[in-house]
2 protein chains.
Amino acid sequence: MTMPRQPQSRRNRPAKPPLSRQWIIDVTIEIMRREGLKKATMRRVAQELDTGPASLYVYIRNTTELHAAVVDELLRDLTVAKSGSWAERLERLVTDYRDVMWQNPGLARSALVIRPVGPNLLALFDRMLGLFIEGGVAPDRAAWGVDLLLLSATATAAEHAPGDGDEDAGIEPAEQQNAIVLAVRTADAATTPYLAEHADAVLAGRPEERWSWSVRAQIAGIATTALTTDT
Amino acid sequence: MTMPRQPQSRRNRPAKPPLSRQWIIDVTIEIMRREGLKKATMRRVAQELDTGPASLYVYIRNTTELHAAVVDELLRDLTVAKSGSWAERLERLVTDYRDVMWQNPGLARSALVIRPVGPNLLALFDRMLGLFIEGGVAPDRAAWGVDLLLLSATATAAEHAPGDGDEDAGIEPAEQQNAIVLAVRTADAATTPYLAEHADAVLAGRPEERWSWSVRAQIAGIATTALTTDT
DNA sequence: ACCTGAACACCGTTCAAGT
DNA sequence: ACCTGAACACCGTTCAAGT
């Protein structure tokens with residue numbers, strides 16, 4: 001019997017992880033990137049850290065808090081473009097936000113539920129608010145408008161992003177898309193006359209075109225619609 | 001030893017449930033109404049139907065499909081108001097939709113993920129499309145606009161509706177709201193100047209006011225923003 | 001204070017076997 | 001064809017006990 005090559009593996013996985021809050025978050029992000037957020041469970045993260053799940057509860061209250069921390073961490077690098085009109089820069093910024101949600105499977109649907117309010121989300125909110133105000137939009141409309149834009153960005157990502165990592169999430173977006181196309185194309189002219197007549201319009205456009213239009217439509221509406229708090 | 005009172009309990013829970021797809025959906029809705037959608041699991045529904053979970057798989061492919069069926073079932077009764085302008089009737093209809101999502105814990109976040117395309121959702125889509133067209137909005141904008149309105153309604157409900165039934169969903173909306181208010185009120189004027197200056201505007205308004213404004217803003221934007229598919 | 005093994009109370013889904 | 005017991009492979013969280 002040969003001795004196990006313990007020293008070797010020790011050098012690869014040095015000593016033992018320090019097990020801090022930040023280290024837990026980093027490992028969670030790693031797992032999410034590789035296998036989707038759904039796989040980044042307390043048990044799985046603990047396993048990756050060579051410990052039992054109970055140990056994580058010293059640093060993190062529960063799964064929800066862990067995922068909220070991950071969301072905020074990923075928003076760290078969003079910056080405002082240097083050129084373009086205020087509306088163009090706003091569209092680019094909210095699109096960058098959507099991309100973060102889009103590219104990390106499971107993140108958007110998680111963000112919708114947990115409402116993370118970390119420093120990086122606040123910074124993003126501030127920048128969007130600033131762009132509206134730069135554009136001469138009344139601050140009260142701007143404030144509610146940022147909420148609306150972020151909400152629809154998150155929701156769009158939740159709908160279109162791939163599942164929680166692998167197929168067993170139920171039905172994949174691609175498969176769902178087929179179901180939608182089929183349902184609309186075969187819409188009954190008797191019960192759903194408008195849908196039947198305008199099926200092409202309903203299904204038209206690439207996701208990016210639809211997204212861009214919806215952002216511009218929202219910005220236009222936000223800029224022109226008065227609050228009625230004085231009634 | 002006395003005989004078990006089998007005939008009695010037979011009369012209460014007659015014979016044995018027929019175990020059809022519709023019966024499964026109905027029981028699922030019952031459980032959701034009482035305890036939230038999160039509790040309406042395959043195992044739990046099977047238990048309520050006096051059978052093992054495997055039996056459900058004869059009628060329903062997986063949990064996702066079950067929840068999608070529940071969503072469509074609940075949209076059955078949405079109708080268009082008889083009076084008011086097209087925009088007012090549209091606002092009322094999409095608000096009714098939001099209310100269904102709002103009142104059934106866990107339903108909205110489920111709907112965002114599963115994109116149900118049952119007959120009742122198609123009928124709702126058709127009615128909203130019809131109202132836009134009645135209002136003279138170009139069909140291509142109207143088609144994408146209905147998508148945007150339904151998306152933001154679902155997302156709004158997902159954010160504000162109570163958790164999945166009970167407290168253990170992590171953090172409740174009320175608690176989250178406190179966290180948001182605190183974070184905005186204590187925003188740092190150095191790193192988030194706009195947020196600090198306009199904290200009152202960000203936090204202003206009751207949910208209903210904010211919702212009504214966001215619907216009107218979206219409708220206005222949808223009606224006035226041209227598609228750029230011709231570029 | 002920090003860490004952990006073990007347990008509690010659950011999940012979704014599949015499969016082989018029954019009727 | 002329809003139904004099911006049992007199993008497989010997981011979950012989140014808590015708790016008593018250790019260091």
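Lettering of chains follows the sequences in order, A, B, ..., and the numbering in each one begins at 1. Please read these numbers as outputs of a predicted model, since none were measured by experiment.
A/W102 carries A/R98 over the face of its six-membered ring, with the cationic atom under 6.0 Å from the centre and within 45° of the normal.
One can place CZ of A/R43 at 15 Å from P of D/dA9, the figure rounded to the nearest angstrom. In this structure, the CD atom of A/E65 is 14 Å from the C1' atom of D/dG12, given to the nearest Å. The nearest whole Å value for the distance from the CZ atom in B/R44 to the C1' atom in C/dT13 is 19 Å. Atom CG in A/N62 sits roughly 9 Å away from atom C1' in D/dG12 (whole-Å rounding). Distance B/L37 CG to C/dC11 P: 13 Å, rounded to the nearest Å. Per the geometry, CG belonging to B/L56 stands 10 Å off P belonging to D/dT4, to the nearest Å. Atom NE2 of B/H67 is separated from atom P of C/dG12 by 8 Å (rounded to the nearest Å). Rounded to an integer number of Å, the gap from B/R21 CZ to D/dA1 C1' is 18 Å.
Within the 4.0 angstrom heavy-atom criterion, base atoms lie near B/S55.
Under the Watson-Crick or G-U wobble criterion, with both distances below 3.5 Å, D/dT13 is paired with C/dA7. The partner of C/dG18, taking Watson-Crick or G-U wobble pairs whose two distances both stay under 3.5 Å, is D/dC2.
Of the candidate nucleotides D/dT4, C/dC11, D/dT13, D/dT13 has the atom nearest to the side chain of A/Y57. In the set D/dC11, D/dC3, D/dA7, the nucleotide with an atom closest to the side chain of B/V58 is D/dC3. Checking D/dG12, C/dC3, C/dT13 against every side-chain atom of A/L19, the shortest atom distance belongs to C/dC3. Picking from D/dC3, C/dC3, C/dA7 the nucleotide with the shortest atom distance to the side chain of A/Y59 gives C/dC3. Checking D/dC11, C/dT13, C/dT4 against the side-chain heavy atoms of A/T41 singles out D/dC11 as nearest. Closest to the side chain of A/A54, out of D/dC15, D/dT13, C/dG12, is D/dC15.
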Mind running salt bridge (charged side-chain N to carboxylate O under 4.0 Å, His left out) on B/R43 and B/E48 for me, showing each step along the way? CA-CA 9 Å; B/R43 286 181 113 101; B/E48 209 95 340; over 6 Å; no
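Enclosure of atom OH in A/Y194 is not indicated, since only 12 or fewer non-hydrogen atoms of other residues, nucleotides or ligands lie within 6.0 angstrom.
A donor-acceptor pair is defined here as one N or O able to donate and one able to accept, closer than 3.5 Å; no such pair exists between the side chain of A/R21 and the backbone of A/V58.
At the phosphate of C/dT13, OP1 or OP2 sits under 4.0 Å from a side-chain N or O atom of B/T63.
Comparing D/dA9 with C/dC10, their P atoms are spaced 22 Å from each other, to the whole Å.
Residues A/Q218 and B/L148 form a side-chain contact, since some pair of their non-hydrogen atoms from C-beta on lies under 4.5 Å apart.
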